[in-house]
**Student:** 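Here it is, the structure, as structure tokens.
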Amino acid sequence: IFDKVAHAGCLNAPNIRYRQSPRALFNGDLLLAAHAPAGRMFVLLGDFTGHGLPAAIGAMPLAETFYGMTAKGYSSNEILREINAKLKLILPVEMFCCATLLDIHFKQGMLRVWNGGLPDGYLLRASDGERLPLRSRHLPLGVLEASTFDDAFETLPLATGDRLLLMSDGILESCNDDDELFGEQRLLAVMDANRESSDLFDEIQEALRAFHGQILDDASLVEVSVID
């Protein structure tokens with residue numbers, strides 16, 4: 001049932017690459033993408049507290065709201081507010097959803113981003129290699145009442161060839177056999193060493209594999225390329 005709801009979007013679009021456990025739902029990670037009116041794309045990466053059925057119970061209405069409202073032409077702000085209100089209503093107090101929502105306007109060359117509780121994402125510029133962090137500036141979804149919820153997006157210019165990178169905290173918080181965390185510094189070192197932007201997604205996966213001796217099953221990594 002969940003697969004039918006969660007994969008109703010455009011995760012198979014040629015400009016999206018992602019690495020997610022086949023059992024992602026059962027560790028709380030959720031990845032949604034949909035084409036929006038006027039040549040836009042919405043991408044949402046969510047990470048629910050908890051695992052298994054409790055995470056699935058929150059993920060179902062989130063996915064349904066995201067896809068249903070996108071198809072009807074609602075704005076990213078309206079979608080975010082509705083998801084927050086719904087999760088606040090149905091989730092127990094100790095449960096919430098850390099999330100990043102990207103609102104990408106390809107024709108206008110504009111990114112609007114909202115991050116509540118996920119690790120920094122990155123805008124990687126094709127022109128000069130600049131790396132802009134997409135920081136968490138909000139509380140997670142499902143924490144605040146509608147009256148105090150902040151749906152303010154950050155706006156950044158985009159150009160063809162730019163890349164957007166998102167990840168759940170499973171990437172940074174994963175441990176090796178010596179109980180060391182992979183951490184932000186290792187991730188940034190991989191980015192610094194990158195010479196060909198199209199290789200970065202594979203290089204991060206390779207660094208994780210080298211660090212752990214295996215690819216992790218409880219982490220999500222997403223790359224969205226800006227195309228014409």
**Student:** Between R125 and L132, does a side chain to side chain contact (heavy atoms under 4.5 Å, CB included) hold up when you go through it step by step?
**Tutor:** CA-CA 8 Å; R125 296 212 185 280; L132 295 173; 3.3 Å; yes
**Student:** Spell out, as yes or no, whether a donor-acceptor pair under 3.5 Å connects the side chain of S136 to the backbone of G117.
**Tutor:**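 The answer is yes, because a donor-acceptor pair under 3.5 Å joins these two groups.
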**Student:** Going by heavy atoms in the side chains, are T155 and M110 under 4.5 Å from each other?
**Tutor:**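 When only atoms from C-beta onward are counted, M110 and T155 do touch, with a gap below 4.5 Å.
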**Student:** Is there a path of hydrophobic side-chain contacts, each under 4.5 Å between heavy atoms of I, L, V, M, F, W or Y residues, that connects L188 with I204?
**Tutor:**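 Linked within one cluster.
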**Student:** Among the clusters formed by ILVMFWY side chains lying less than 4.5 Å apart, do L156 and L101 turn up in the same one?
**Tutor:**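 No; tracing contacts between hydrophobic side chains, which count when under 4.5 Å, never links both residues.
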**Student:** Tell me whether L141 is reachable from L118 by hopping between hydrophobic residues (I, L, V, M, F, W, Y) whose side-chain heavy atoms are closer than 4.5 Å.
**Tutor:**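 No.
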**Student:** Should E206 and R209 be marked as a salt bridge (charged side-chain N to carboxylate O under 4.0 Å, His left out) after you check the CA-CA gap, both sets of side-chain angles, and the distance that decides it?
**Tutor:** CA-CA 5 Å; E206 190 48 52; R209 198 180 286 116; 2.7 Å; yes
**Student:** Is there a side-chain contact between F149 and V143 (heavy atoms, below 4.5 Å)?
**Tutor:**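 The answer is no; the side chains never approach within 4.5 Å.
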**Student:** Indicate the ring-plane relationship of H138 and W114, choosing parallel, tilted or perpendicular according to the 30° and 60° boundaries.
**Tutor:**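 Because their plane-to-plane angle is under 30°, the rings of H138 and W114 count as parallel.
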**Student:** Taking all non-hydrogen atoms of both residues into account, name the closest pair between L87 and C97 and its distance.
**Tutor:**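 Between these two residues, the closest heavy atoms are CD1-CB, 4.0 Å.
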**Student:** Nearest 0.5 Å, please: how far is CG in L111 from CZ in R40?
**Tutor:**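 One finds 11.0 Å between CZ of R40 and CG of L111.
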**Student:** Would you say the side-chain atoms of N84 pair up with the backbone N or O of L144, donor to acceptor, closer than 3.5 Å?
**Tutor:**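 Pair found, side chain donor or acceptor close to backbone of L144.
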**Student:** Taking atom types as modelled, find out whether S76 and D103 have a side-chain donor-acceptor pair closer than 3.5 angstrom.
**Tutor:**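 Side-chain D/A pair, S76 to D103: present.
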**Student:** Identify the two heavy atoms, one from A126 and one from D162, that lie closest to each other, and give their separation to 0.1 Å.
**Tutor:**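 Of all heavy-atom pairs spanning A126 and D162, the closest is N-OD1, 2.8 Å.
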**Student:** Walk me through whether L165 and L123 qualify under side chain to side chain contact (heavy atoms under 4.5 Å, CB included).
**Tutor:** CA-CA 7 Å; L165 197 68; L123 165 55; over 6 Å; no
**Student:** Do F182 and E173 come within less than 4.5 Å of each other through their side chains, counting heavy atoms only?
**Tutor:**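 F182 vs E173: side chains apart.
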**Student:** Would you name the heavy atoms of R163 and S225 that are closest together and state the gap between them?
**Tutor:**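 Residues R163 and S225, closest heavy atoms: NH1-OG, 3.2 Å.
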**Student:** As a quick check of understanding, evaluate side chain to side chain contact (heavy atoms under 4.5 Å, CB included) for L30 and L45, giving each step before the final call.
**Tutor:** CA-CA 6 Å; L30 177 70; L45 177 63; over 6 Å; no
**Student:** Compare every heavy atom of P37 with every heavy atom of G73, then report the nearest pair and how far apart it is.
**Tutor:**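 Smallest interatomic distance, heavy atoms only, reads CA-CG, 3.7 Å.
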**Student:** Should E184 and P119 count as side-chain neighbours, where that means a heavy-atom distance under 4.5 Å?
**Tutor:**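 No - every pair of side-chain heavy atoms lies 4.5 Å or more apart.
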**Student:** Could you walk me through whether Y122 and L200 pass the side chain to side chain contact (heavy atoms under 4.5 Å, CB included) test, one step at a time?
**Tutor:** CA-CA 12 Å; Y122 295 94; L200 179 61; over 6 Å; no
**Student:** For a 4.5 angstrom cut-off between non-hydrogen side-chain atoms, does E145 reach T148?
**Tutor:**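 Heavy-atom side-chain distance check passes, below 4.5 Å.
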**Student:** Under a 3.5 Å threshold, yes or no: a donor from one side chain and an acceptor from the other, between E78 and S75?
**Tutor:**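 The criterion, which ignores hydrogens and geometry beyond distance, is satisfied for S75 and E78.
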**Student:** Going by atom types alone, do T65 and E82 pair a side-chain donor with an acceptor below 3.5 Å?
**Tutor:**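 There is no such pair between these side chains.
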**Student:** For R137, is there an ion pair with D150 - N to carboxylate O distance below 4.0 angstrom?
**Tutor:**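 Salt bridge between D150 and R137, a charged N being under 4.0 Å from a carboxylate O: no.
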**Student:** Side chains of D47 and S168: donor-acceptor distance under 3.5 Å anywhere?
**Tutor:**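 Per modelled atom types, D47 and S168 side chains form no pair under 3.5 Å.
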**Student:** Quick one: pull up CG in L44 and CG in L31 and give me the separation to the nearest 0.5 Å.
**Tutor:**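 Here the rounded value is 8.5 Å.
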**Student:** Kindly give the heavy-atom pair with the smallest separation between T70 and F42, and that separation in Å.
**Tutor:**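 Heavy-atom minimum between the residues: OG1-CD1, 3.6 Å.
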**Student:** Any link between I79 and Y67 through a network of hydrophobic side chains (Ile, Leu, Val, Met, Phe, Trp, Tyr) touching at under 4.5 Å?
**Tutor:**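 Looking at the clustering, Y67 is in the same group as I79.
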**Student:** How many angstroms lie between atom CG of L166 and atom CG of N115, to the nearest 0.5 angstrom?
**Tutor:**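 If we round to the nearest 0.5 Å, L166:CG and N115:CG are 8.0 Å apart.
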**Student:** Can you tell me how far CG of L80 sits from CZ of F66, rounded to the nearest 0.5 angstrom?
**Tutor:**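 It is 10.5 Å, given to the nearest 0.5 Å.
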**Student:** So how far is it from I171 CD1 to R186 CZ, rounded to the nearest 0.5 Å?
**Tutor:**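 Reported value, rounded in 0.5 Å steps: 13.5 Å.
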**Student:** Around atom CG of D177, are there more than 12 heavy atoms of other residues, nucleotides or ligands at under 6.0 Å?
**Tutor:**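 No.
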**Student:** State the CD-SG distance between E180 and C175, to the nearest 0.5 angstrom.
**Tutor:**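 E180 CD to C175 SG: 9.0 Å, rounded to 0.5 Å.
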**Student:** Can you establish whether the number of heavy atoms outside Y74 located under 6.0 Å from its atom OH is more than 12?
**Tutor:**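 Atom OH in Y74 is not crowded, with 12 or fewer foreign heavy atoms closer than 6.0 Å.
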**Student:** Between R17 and S198, what is the shortest heavy-atom contact and its length?
**Tutor:**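 Heavy atoms only, the tightest pair is NH1-O, 3.9 Å.
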**Student:** I want to check something: taking the side chain as every heavy atom from C-beta on, are Q205 and L221 in contact at a cut-off of under 4.5 Å?
**Tutor:**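 Side-chain contact under 4.5 Å: yes.
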**Student:** Please examine the side chains of F106 and N15, heavy atoms only from C-beta on, and report whether any two atoms are closer than 4.5 Å.
**Tutor:**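 Answer yes - side chains close enough.
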**Student:** For residues L208 and R19, determine if any side-chain heavy atom of one lies less than 4.5 Å from a side-chain heavy atom of the other.
**Tutor:**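 They are not in side-chain contact.
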**Student:** Are L134 and L172 connected into the same hydrophobic cluster when the rule is that any two of I, L, V, M, F, W, Y join if their side-chain heavy atoms are below 4.5 Å apart?
**Tutor:**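 In one cluster: no.
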